[in-house]
Amino acid sequence: MELRQLEYFRQIADTHSFNEAARHLNMSQPPLSYQIHQLEEELGVQLFERTSKGVILTNAGEVLYERAGNLLDYADSAKLEVTKAGKKRVLRIGMTSTTTAVMMPFISTFAKKYPDVNFEVRDGSTYTLYSYLMDGIIDISVARTPLQLNKVNSFTLCSEPMIAVSNFSTNLQSSNAVTSNTATNSNSKMLSSKIIQLNDLSKHPLILYRRYERLILDTFHAKNLDPEIFCLCDDAKSALLWAKDGLATAIFPKSMQSLCTGLRIYEIDEPTLITQIVLIWKKEKKLSPIVQEFLDVCQKK
């Protein structure tokens with residue numbers, strides 16, 4: 001199985017057509033079909049089925065599609081690292097959308113201390129980045145609990161509560177109106193964060209980031225509360241946009257607060273919803289020098 005065969009395979013899967021894939025690859029269709037036939041012969045499975053709407057992946061093809069993507073990403077990363085050998089070192093790091101703001105001060109300090117380092121950043125969910133870490137595509141990743149940590153080493157950067165965010169047209173009734181903190185955004189407007197109880201939140205339609213759906217619902221149900229879930233989103237920033245349009249109240253980690261310009265912010269008074277932002281890396285006998293240097297900076301800051 002060759003890398004070029006995996007590239008051909010992925011192109012066909014993305015375009016649903018051998019002819020279209022051949023055009024994108026700047027080659028004729030017969031040799032492309034031959035390469036896929038050879039790949040299927042080697043693996044002993046059929047990868048594509050032909051339909052009236054084009055070719056689709058078989059079950060075996062779907063498995064290979066995901067694994068091929070990781071292998072090709074790893075090959076590109078290795079190529080970049082080898083190319084820059086002797087010039088610049090490369091730290092391959094994964095970050096989720098809700099942890100970028102937390103990580104930037106650490107990255108900035110590290111970059112100033114080690115100017116010989118470049119960065120390769122992978123964005124994705126905690127679980128996607130965990131898979132990248134296990135496959136060797138990245139060296140270290142930022143993650144947020146809840147997460148199984150038995151196969152990785154970890155270091156806790158900070159803990160933070162969840163916040164409820166709504167448009168000012170949404171009148172959240174808080175039984176505790178005490179202001180917990182203030183933060184200044186890039187437009188120099190003050191964002192006041194008040195405390196809100198789960199009982200108050202349960203009276204309003206909610207937008208949940210799917211990553212925390214189970215954690216949040218279990219917490220509500222433990223208090224015999226049955227909230228209305230207006231929308232589930234795969235990205236916290238999407239939840240933020242829905243809240244800005246006044247459709248419902250979004251719940252996500254407090255590190256997203258800096259993006260909540262012009263929104264009403266409530267800190268949720270519930271210990272169960274406090275999460276930890278952690279750095280994770282594979283359990284190995286010895287860390288690479290660049291990862292150890294990055295950890296040293298994070299642990300001292």
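Along the sequence shown, residues carry numbers from 1.
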Answer yes or no: are there more than 12 heavy-atom neighbours, outside [X] itself, under 6.0 Å from its atom [atom1]?
X      : atom1 : result
Asn150 : CG    : yes
Arg67  : CZ    : no
Leu3   : CG    : no

For [Y], is there any backbone N or O sitting under 3.5 Å from a side-chain donor or acceptor partner on [X]?
X      : Y      : value
Arg92  : Val121 : no
Asn167 : Lys244 : yes
Ser33  : Gln29  : yes
Gln197 : Asn199 : no
His16  : Val55  : yes
Thr99  : Met95  : no
Glu40  : Leu47  : yes

- Message: According to ring pair (Phe, Tyr, Trp, His ring centres under 6.0 Å), who are the partners of Tyr114, at least two apart in sequence or on a separate chain?
- Response: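 Phe110.
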Taking all non-hydrogen atoms of both residues, which atom of [X] and which atom of [Y] are closest, and how far apart?
X      : Y      : value
Val90  : Asp139 : O-OD2, 4.0 Å
Thr126 : Arg144 : OG1-N, 3.6 Å
Ile274 : Ser159 : CG2-CB, 4.1 Å
Ala21  : Ile12  : CB-CG1, 3.6 Å
Leu263 : Ala243 : CD2-O, 4.3 Å
Ile195 : Asp269 : CG2-CB, 3.5 Å

- Task: Before accepting this row, confirm whether a basic side-chain N of the pair Arg122/Glu120 lies closer than 4.0 Å to the acidic partner's carboxylate O.
- Result: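 Looking at Glu120 together with Arg122, the answer is yes, because their closest N to O distance falls below 4.0 Å.
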- Could Glu66 and Arg10 be called an ion pair, given the rule that one side-chain N must be under 4.0 Å from one carboxylate O?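 No salt bridge links Glu66 with Arg10.
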Any side-chain heavy-atom pair from [X] and [Y] closer than 4.5 angstrom?
X      : Y      : result
Asp226 : His221 : yes
Leu279 : Asn153 : no
Val142 : Val102 : no
Ile265 : Lys194 : no
Met162 : Lys254 : no
Ile251 : Tyr212 : no
Val278 : Leu157 : no
Cys158 : Ile277 : yes

- Item | Pair Arg89-Asn118, side chain to side chain contact (heavy atoms under 4.5 Å, CB included): steps then yes or no | CA-CA 6 Å; Arg89 295 186 295 160; Asn118 283 343; over 6 Å; no
Answer with yes or no whether the hydrophobic clustering places [X] together with [Y]; edges join I, L, V, M, F, W, Y residues whose side-chain heavy atoms lie under 4.5 Å apart.
X      : Y      : value
Val63  : Leu39  : no
Tyr8   : Ile56  : no
Phe119 : Leu295 : yes
Leu247 : Leu241 : no

- Message: Between Ser141 and Tyr132, does the side chain to side chain contact (heavy atoms under 4.5 Å, CB included) criterion hold? Intermediate values first, please.
- Response: CA-CA 9 Å; Ser141 182; Tyr132 286 166; over 6 Å; no
- Message: Please identify which of these residues, Asp135, Thr128, Leu129, meets the side chain to side chain contact (heavy atoms under 4.5 Å, CB included) condition with Ser131.
- Response: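 Looking at Asp135, Thr128, Leu129, the match for Ser131 under the side chain to side chain contact (heavy atoms under 4.5 Å, CB included) is Asp135.
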- Residue among Pro253, Ser125, Cys233, Pro146 satisfying side chain to side chain contact (heavy atoms under 4.5 Å, CB included) with Arg211: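 Exactly one candidate clears the test, Pro146.
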If I take atom [atom1] from residue [X] and atom [atom2] from residue [Y], how far apart are they, to the nearest 0.5 angstrom?
X      : Y      : atom1 : atom2 : result
Asn59  : Gln46  : CG    : CD    : 11.0 Å
Glu293 : Leu287 : CD    : CG    : 11.0 Å
Leu206 : Phe230 : CG    : CZ    : 11.0 Å
Glu2   : Gln38  : CD    : CD    : 9.5 Å
Thr96  : Met103 : OG1   : CE    : 10.0 Å
Ile163 : Phe252 : CD1   : CZ    : 5.0 Å

Under 3.5 Å, is there a donor-acceptor pair linking the side chains of [X] and [Y]?
X      : Y      : result
Gln276 : Thr145 : yes
Glu160 : Ser255 : yes
Ser166 : Arg264 : no
Ser288 : Gln292 : no

- Message: With side chain to side chain contact (heavy atoms under 4.5 Å, CB included) as the criterion, how do Glu270 and Lys223 come out once you've worked through the C-alpha distance, each side chain's angles and the decisive distance to 0.1 Å?
- Response: CA-CA 11 Å; Glu270 178 50 55; Lys223 296 183 179 293; 2.7 Å; yes
- is_close_aromatic(Tyr130, Tyr127), centroid dist under 6.0 Å: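 Aromatic pair excluded; centres sit 6.0 Å or further apart.
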- Does NZ or CZ of Arg23 come closer than 6.0 Å to the centre of the six-membered ring of Phe18, within 45° of the ring's axis?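 Because its charged atom misses either the 6.0 Å distance or the 45° angle limit, Arg23 does not stack over Phe18.
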- Task: Any chance you could lay out the side chain to side chain contact (heavy atoms under 4.5 Å, CB included) test for Met134 and Val152, step after step, and finish with the verdict?
- Result: CA-CA 9 Å; Met134 292 296 100; Val152 296; 3.4 Å; yes
